[in-house]
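What follows is a short report on a single structure.
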Amino acid sequence: MNARPPVRGPLAAVAPDPAHIVVTFDDNRLMPALFGEFDRNLAQLEQRLGVDAAARGNQVTIRGSQEACTRARLALDILYGRLQEGHEISTGDVDGAVRLAEAAEAQLSLPTLEPRGRLAMAQISTRRRTVMARTVMQDAYIRAFDRADLIFGVGPAGTGKTYLAVAYASAMVERGAAERIILSRPAVEAGERLGFLPGDMREKVDPYLRPLYDALYDMMPADKVERGLQSGLIEVAPLAFMRGRTLADAIVILDEAQNTTSMQMKMFLTRLGENSKMIVTGDPSQIDLPPGQTSGLVEAIGLLGGIARIAQIRFTSADVVRHPLVGQIVDAYDRSEGASS
């Protein structure tokens, strides 16, 4: 008779009942943060995975189907590892741990496991915070930043495309690996003609770049962002103002790229200079161009596939990390569009 394989994790043990797992953690000081106030993190695991999780001291007893129990143990291991590294745990982190545990059970392509069996999620560390991948595709996206020079992040709203790109750019500047951050976005609503709007250039383009600013302020102290905008360390500009430039020693982010024309996208991509990286984000399902006009993003993805040093990461509704309803909303619209086509 074959012995039951051990459950991997921090001092984990398997009780005789295969649908009953007891996990013991070795640092009691981390238990309040791991379980959450009034055990809310455990309650979230119960809701997402359909298990019963009861905490006592530094132990968690998990009951449910064998598959669900294993996923819950993996999720707890991920969260415990995050706490050991000195990070805090939010509701979104619990959700992300569950997603990664589910992916591991589905035998998807995950990062190499550490010796202890902890899932090694990709992360980005800046002065203000450490951002950790919450889905398998976010993990692939973050890793692509280091291995490619041109990265396309394509998919629905709420998948972290823009946020992670700005986090990476902030980290590179803080480490001295890049000299500046350049943020751009096509101002479709103004037809790229911003002259009639009041104020200086920054005031003209602010409404179109607000999501990028929000991410910047999350990653860097407010005073550093302001100084960066004044000194040129951080540059914001509408896409039309990129023409004729060579963008060297920089992390260049083009957001809402689905609203670029074919000519605009070609112009932008050919600005790539030495020691630079470009990150292009967009959602092909939300194109605001006039009917009949080809999206530069859609065309570029088709033309540039398979070229070395170019990565294409495709997110789906399963990667949405905003409110749980957002993923369902995306799916509903996709079904509607599929039925009408």
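Nothing here was measured: the structure is a model prediction, and the numbers come from that model. Quick note: residue numbers are just sequence positions, from 1.
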Kindly compute the distance separating [atom1] ([X]) from [atom2] ([Y]), expressed to the nearest 0.5 Å.
X	Y	atom1	atom2	result
Asp77	Arg82	CG	CZ	14.0 Å
Ile62	His20	CD1	NE2	9.5 Å
Thr91	Asn41	OG1	CG	7.0 Å
Leu42	Gln47	CG	CD	13.0 Å
Met265	Leu239	CE	CG	8.0 Å
Ile313	Asp139	CD1	CG	9.5 Å

Q.
Is any side-chain heavy atom of Leu150 closer than 4.5 Å to one of Gln312?
A. no

For [X] and [Y], which I'm curious about, is there any donor-acceptor pair between the side chains at under 3.5 Å?
X	Y	answer
Glu46	Gln44	no
Asp319	Thr159	no
Thr294	Glu299	no
Gln59	Thr24	yes
Ser170	Thr126	no

Kindly say whether [Y] contributes a backbone atom to a donor-acceptor pair with the side chain of [X] at under 3.5 angstrom?
X	Y	answer
Lys277	Val252	no
Ser276	Leu247	yes
Ser295	Gln258	yes
Ser125	Thr130	no
Arg99	Ala318	yes
Lys161	Phe315	no
Ser231	Arg227	yes

State whether [X] and [Y] are salt-bridged, where the test is any N-O pair (Lys NZ or Arg NE/NH1/NH2 against Asp/Glu carboxylate O) under 4.0 Å.
X	Y	value
Arg134	Asp93	yes
Arg128	Asp218	no
Glu88	Arg129	no

Q: For the residue pair Phe35 and Phe25, categorise the inter-ring angle as parallel (less than 30°), tilted (30 to 60°) or perpendicular (more than 60°).
A: perpendicular

**Q.** Name of the residue among Val60, Ile89, Leu34 meeting side-chain contact (heavy atoms from CB on, under 4.5 Å) with Tyr80
**A.** Leu34

Q) Between Val23 and Ile21, which heavy-atom pair has the shortest distance, and what is it? A) CG2-CG2, 3.8 Å

Q) Around atom CZ of Arg243, are there more than 12 heavy atoms of other residues, nucleotides or ligands at under 6.0 Å? A) no

